[in-house]
Amino acid sequence: MTPQEYNKAVAEYSDRIYRFVLKSMGEQERSKDVVQDCYEKLWISVEEIDYSKAKAWLFTTAHNAMIDIIRKEKRIVPDDSPREDIYEQGYTDLNEILHKCLGNLSESWRSVILLRDYEGYSYKEIGEITGQSEAQVKINIYRARMAMRKMIGKLEMVV
Amino acid sequence: MIINRQNYFIWITDYYDSQLDDFQAEVLLEFLGKNPDLMSEFEDYAELFLKPDDHHVYTNTGILRTPDQLTNEQVEHYAIALSENDLSENQKLEITELKKSDPRFRESISIYEKIRLKPDNIIYPDKSLLLKIPGRRRLTRIIVNTVSIAASIAIITGLFFIFNQPGDKNINDYLAEDNQPGTEPEQVSDDRPPLLDLTDELPRYIPTKTQVAVAEPLSTSDIIKAEPLPGEQRALIHITPLEVKENISLDKTQTQYLLAEIQPYPLSLPAGIIIDTDMSVREFLTYQFRKQILNDEDPDIENLKAWEIADAGIRGANMLLGWNMELQTGKNEEGKLENISFTSELIKFDHKSKKNDPGL
C-alpha cells in the first residue's frame, strides 16, 4: 500500500471503524484511541498490506483491540435484559431501540450483528474478522436476532 | 469362490445387492437348479430387500413439515433465515406459501425484516491526525540516516582525538622544557615574556600541589602575567617561567587563582571542586561531556561508556528533530549498570546488562 492509499483508507474507513468500535464499546475516548492505534499499526505495516485488504485488516485489528480491552476490564454484559427497560427509557424510534438492544447483547453477538448489518459482510468474512468459524458466526447472528426480538417484544409497540 | 452348500447364502445376498456379474448369476442359478431345496430360501430373500416407493415423493424440499408441526422457535428460525437470505429459492417459495396460511410466519417475517440495524451517521473526529504526508516517511528515514551517519562520524572523530593525544603533561613538563639549557625563550620586541599558545593545550596546565614550586611566597603576578593581545586573542597568554624549588607548594587558594588566570575562557567547574590532582585532556573532556551534555550533577572521569555516547546522540536527535526518545538506565545498589531501556513512539526495548558486557 502506498502512502496515498493509506490516506485513502483513512478517508474511506476511519468513520466505519470508529462507528464499529464506538457501538461495541460505547465510550468515545477509548474508541478514538482504538482507531488511532489501528491506523498507527497500519502505517507501520503499510508496505506489507495490500490496499484491497486494508478494510478487513482494520476491522480485524480493531476487533482484537476491543477484545483485549474488554477482557482486561473483565467487563460482563448480559445477553438479554428485560424488554420493559427499553420502553421505560422512552425510546420511540425503532433504530434507537435497536441500538439500545444492541448494547445489551454480549460482545461476540454485538460484533457479528454490527459487521453484518453495517458493513454487509458475509458469514465467512465476519468469521475471518472475529476469529470464529462460519457456522459459529451464523449461530451467533441467529441467536442475537432472537435476543433482540425478545427485548423489543411486539413490533406494534414501537411502530 | 466356488459356490457350495456352506456359502450359497453369500451368493444369494450378493445377487440381490446386484454384486454378481452375469456369469456369477448364472453359476448361482445353476447351483440352485441342482439344489431345489434351497430355491425357496432364495425366493424368501427377495422379500427382505426394500424397494423405493416411486409414488411417494416430497415436493417440499426445504422444510419437510406442515405448519402445525413447526414450533414457534422453528418459525422464527425460518423467518431469520429468510431475512438473512440464507434460503434456497424453493425454500423461499415454501415460506411464502406458509406465510399465507400461518400468522406466526407473517408476524415473524415482518419483525425480522425490520429489526436490522441502520447505520448511524457517525464521523471520526480526529481524521486529520491519521493522515500522513506523502513522502514524509521517506524524508524522515533519509533525515534519520543522515543524522545518524553524521553523528557517528563526529563521535568517532572526537573520540579519535580524545584518546590519541600524546602522553598527558602538566604545567611542570612545559615549564621544564622552557628551562632546558639552550632553549632560551624567544624575546619579543617589547621585551615581554615569550608567548605560549594555550588554545589547544589548556587543560594540561592544571597544576598540582607537588608539581609547582616556588622559592618565595607567591603572588598572582609572580606566577602568570596574562595580558590580552590586540584583537582580544585571549588564548595567547604570557607565562613567566618559574624558578622551581622543592618542598614549596601552592596552597589551595593560589591554585584556584592560577587556574583563573591561565584559562582563555571561563571553565565551568562546579563549585566545591578542588583541582588538586592531575586531570588529563581525556579526563577533562569526559568530565565536561557528562556535566554539560548528559547533565550529570556529579560527574566522574571514568572512561565514557557506549551507552553514554548513545544517550548523548538521542538527546541531540530529540533537540534537532523534536522527537521524544528516551534512554533510561537502571543501576544496582553498588551503582553498577543493570539494564538499559529505550523508549520512543514506535519502539521500546529493554537490554539487561551482563557481566563484562563491553558495550556497557
Side-chain angles (χ1 to χ4, degrees), chain A residues 2-11 13-23 28 31-33 35-36 38-40 42-44 46-47 94-99 101-102 113-114 116-120 122-123 138 141-146 148-156 158-159, chain B residues 70-88 91 95 103-142 144 324 343-349:
Chain A
T2 63
Q4 287 82 359
E5 287 175 326
Y6 167 87
N7 286 340
K8 194 177 171 187
V10 171
Y13 305 137
S14 60
D15 292 340
R16 291 163 178 256
I17 302 290
Y18 178 59
R19 183 177 60 195
F20 172 61
V21 177
L22 182 62
K23 291 292 179 184
Q28 283 190 0
S31 300
K32 281 195 253 183
D33 290 342
V35 175
Q36 195 168 358
C38 288
Y39 275 95
E40 282 298 325
L42 178 66
W43 179 245
I44 290 170
V46 69
E47 290 169 0
L94 177 59
N95 207 36
E96 278 184 62
I97 293 171
L98 288 175
H99 281 97
C101 294
L102 186 74
I113 288 289
L114 286 169
R116 182 75 169 173
D117 286 358
Y118 281 3
E119 306 303 328
S122 67
Y123 297 141
K138 187 174 177 180
I141 286 177
Y142 276 47
R143 288 178 178 169
R145 299 262 189 238
M146 286 184 180
M148 289 177 77
R149 185 190 172 174
K150 277 185 187 175
M151 286 184 237
I152 290 171
K154 289 189 177 180
L155 198 62
E156 292 76 23
V158 292
V159 177
Chain B
L70 290 169
T71 64
N72 288 337
E73 192 169 313
Q74 288 167 330
V75 169
E76 285 201 42
H77 179 90
Y78 286 117
I80 294 170
L82 183 68
S83 71
E84 298 291 338
N85 201 23
D86 288 341
L87 299 178
S88 66
Q91 289 172 324
I95 294 287
R104 295 178 302 168
F105 270 98
R106 282 199 294 275
E107 184 186 13
S108 292
I109 290 171
S110 173
I111 286 177
Y112 283 112
E113 281 176 350
K114 288 177 181 174
I115 64 170
R116 300 182 74 88
L117 293 171
K118 293 178 180 62
D120 293 341
N121 187 25
I122 294 176
I123 305 293
Y124 181 64
D126 300 331
K127 202 177 292 183
S128 58
L129 298 177
L130 302 177
L131 295 170
K132 305 289 182 185
I133 301 169
R136 183 176 172 183
R137 183 183 172 88
R138 185 174 297 174
L139 181 64
T140 303
R141 189 179 295 169
I142 291 170
V144 169
N324 194 25
T343 311
S344 72
E345 292 181 356
L346 296 181
I347 58 171
K348 180 180 181 180
F349 66 81

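Bear in mind that the values here come from a model prediction, so they are computed numbers and not experimental data.
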**Prompt:** Can you check side chain to side chain contact (heavy atoms under 4.5 Å, CB included) on A:Asp15 and B:Lys127, steps first, answer last?
**Reply:** CA-CA 8 Å; A:Asp15 292 340; B:Lys127 202 177 292 183; 3.0 Å; yes
**Asked** Do A:Arg116 and B:Glu84 meet the salt-bridge criterion of a basic N to acidic O distance under 4.0 Å?
**Response** yes
**Request:** For the pair B:Glu76 and A:Lys150, find out whether any cationic side-chain nitrogen is under 4.0 Å from an anionic carboxylate oxygen.
**Result:** no
**Asked** Can you tell me how far the CG atom of A:Asp117 sits from the CD1 atom of B:Ile115, to the nearest 0.5 Å?
**Response** 9.0 Å
Might you point out which heavy atoms bring [X] and [Y] nearest each other, and give the distance in Å?
{"X": "A:Met146", "Y": "B:Tyr112", "result": "CA-OH, 3.5 Å"}
{"X": "B:Lys118", "Y": "A:His99", "result": "O-CE1, 3.5 Å"}
{"X": "A:Lys23", "Y": "B:Ile122", "result": "CE-CD1, 3.8 Å"}
{"X": "A:Met148", "Y": "B:Leu117", "result": "CE-CD2, 4.3 Å"}

**Asked** Just by modelled atom types, is the B:Leu130 backbone N or O under 3.5 Å from a matching donor or acceptor in the A:Tyr6 side chain?
**Response** yes
**Request:** Please test B:Tyr124 against A:Ile17 for side chain to side chain contact (heavy atoms under 4.5 Å, CB included), starting from the C-alpha separation and ending with a verdict.
**Result:** CA-CA 9 Å; B:Tyr124 181 64; A:Ile17 302 290; over 6 Å; no
Side chain, backbone, both or neither of [X] within contact of chain B (heavy atoms, under 4.5 Å):
{"X": "A:Leu42", "answer": "neither"}
{"X": "A:Glu119", "answer": "neither"}
{"X": "A:Ala9", "answer": "neither"}

**Asked** Which region of B:Asp86, side chain (C-beta onward) or backbone (N, CA, C, O), has a non-hydrogen atom less than 4.5 Å from a non-hydrogen atom of chain A, or is it both or neither?
**Response** side chain
**Request:** Could you look at B:Ala79 and say if it's the side chain, the backbone, both or neither that has a heavy atom under 4.5 Å from chain A?
**Result:** neither
**Item:** Verdict with reasoning, A:Val46 to B:Lys132, per side chain to side chain contact (heavy atoms under 4.5 Å, CB included)
**Value:** CA-CA 11 Å; A:Val46 69; B:Lys132 305 289 182 185; over 6 Å; no
